[in-house]
Amino acid sequence: QVQLVESGGGLVQAGDSLRLSCAASGRTFSSYIMGWFRQAPGKEREFVAAISRSGGSTVYADSMKGRFTISRDNAKNTVYLQMNSLKYEDTAVYYCAAREGIIMTAMYSSVDYWGQGTQVTVSS
């Protein structure tokens with residue numbers, strides 16, 4: 001069992017930056033591909049980014065490339081999402097996710113553990 005706790009959300013203005021953190025506890029953190037998803041009001045949850053177990057590889061949704069950066073610190077059992085040049089349409093609840101295995105794109109359709117989510121609101 002893995003417990004995921006997100007933090008760092010809040011209210012920001014368009015163009016600002018924000019860094020989300022997700023602290024993991026339980027089984028070995030480095031055994032999991034980690035990722036971020038988001039869900040805007042009235043919309044389905046969507047994939048944002050994922051990072052390999054070692055942190056050496058990352059994958060992003062096309063709309064986030066160049067603005068968002070996912071990283072992890074296995075010594076701290078934490079994954080981060082740095083979000084720059086935030087837009088109004090980035091407003092959503094952001095969820096941390098974990099998945100066993102080595103194929104990052106498998107996270108698009110299957111997640112083993114979810115965090116409770118953190119709200120990010122971007123004012124225009």
(request) List for me each residue that meets side chain to side chain contact (heavy atoms under 4.5 Å, CB included) alongside Ser30, sequence neighbours excluded, and say none if there are none. (result) Thr28, Asn74
(message) Going by the rule ring-ring contact (aromatic ring centres under 6.0 Å, His included), which residues pair with Phe47 if we only count those two or more places apart in sequence or in a different chain?
(response) Phe37, Tyr108
(message) Can you list, by chain and residue number, the hydrophobic cluster partners of Ile103 when the side-chain cut-off is 4.5 Å?
(response) Ile102
(request) Report the hydrophobic cluster partners of Tyr88, with the cluster defined as I, L, V, M, F, W, Y residues connected by side-chain heavy atoms closer than 4.5 angstrom, directly or transitively. (result) none
(request) Find the distance between CE (Met64) and CD1 (Ile70) and round it off to the nearest 0.5 Å. (result) 11.5 Å
(request) Following the transitive rule for hydrophobic clusters with a side-chain heavy-atom cut-off under 4.5 Å over Ile, Leu, Val, Met, Phe, Trp and Tyr, establish whether Ile33 and Val59 coincide in one cluster. (result) yes
(message) On a heavy-atom basis, which atom in Ala92 and which in Gln119 lie closest, and how many Å separate them?
(response) O-NE2, 3.4 Å
(request) Please name all residues satisfying side chain to side chain contact (heavy atoms under 4.5 Å, CB included) with Ala98, sequence neighbours left out, ordered by chain then number. (result) Leu4, Tyr32, Met34, Tyr113
(message) Quick test of your reading: applying salt bridge (charged side-chain N to carboxylate O under 4.0 Å, His left out), list the pairs with at least one residue in residues 110-124, sequence neighbours left out, ordered by first then second residue.
(response) none
(request) Measure the spacing between OG1 of Thr69 and CG of Leu81 and express it to the nearest 0.5 Å. (result) 8.0 Å
Expected list for residues 7-23: side-chain donor-acceptor pairs under 3.5 angstrom, two or more places apart:
unit_1, atom_1, unit_2, atom_2, d
Asp16, OD2, Gln13, N, 3.1
Ser17, OG, Asn84, OD1, 2.9

(request) Start with the C-alpha distance between Ser71 and Gln82, add both sets of side-chain angles, then the distance that settles side chain to side chain contact (heavy atoms under 4.5 Å, CB included), and finish with yes or no. (result) CA-CA 8 Å; Ser71 62; Gln82 176 68 42; over 6 Å; no
(message) So Cys96 and Trp36, do their side chains get closer than 4.5 Å, heavy atoms only?
(response) yes
(message) Looking at every non-hydrogen atom in both residues, tell me the closest pair between Val111 and Ala97 and how far apart they are.
(response) CG1-CB, 3.6 Å
(request) Quickly, which of Val122, Val120, Leu86 forms a side-chain contact (heavy atoms from CB on, under 4.5 Å) with Thr91? Name it, please. (result) Val122
(request) Could you grab the distance from atom OH of Tyr95 to atom CD of Gln39, nearest 0.5 Å is fine? (result) 5.5 Å
(request) Just jot down the salt bridge (charged side-chain N to carboxylate O under 4.0 Å, His left out) partners of Lys65, sequence neighbours excluded, or say none. (result) Asp62
(request) Flag yes if Ile51 and Tyr80 sit in one hydrophobic cluster, no otherwise; membership is Ile, Leu, Val, Met, Phe, Trp, Tyr, and two members link when side-chain heavy atoms are under 4.5 Å apart. (result) no
(request) Sorted by first residue and then second, give each side chain to side chain donor-acceptor pair (under 3.5 Å) pair with at least one member in residues 44-61; sequence neighbours left out. (result) Arg38-Glu46
(message) Listing request: all salt bridge (charged side-chain N to carboxylate O under 4.0 Å, His left out) pairs with a residue in residues 66-88, at least two apart in sequence or in separate chains.
(response) Arg67-Asp90
(request) Answer with yes or no whether the hydrophobic clustering places Met107 together with Trp114; edges join I, L, V, M, F, W, Y residues whose side-chain heavy atoms lie under 4.5 Å apart. (result) yes
(request) Kindly write out the residues that satisfy side-chain hydrogen bond (donor to acceptor under 3.5 Å, both in side chains) with Glu89, not counting sequence neighbours, or none if the list is empty. (result) none
(message) Among residues at least two apart in sequence or on other chains, which ones pass side-chain hydrogen bond (donor to acceptor under 3.5 Å, both in side chains) with Glu100?
(response) none
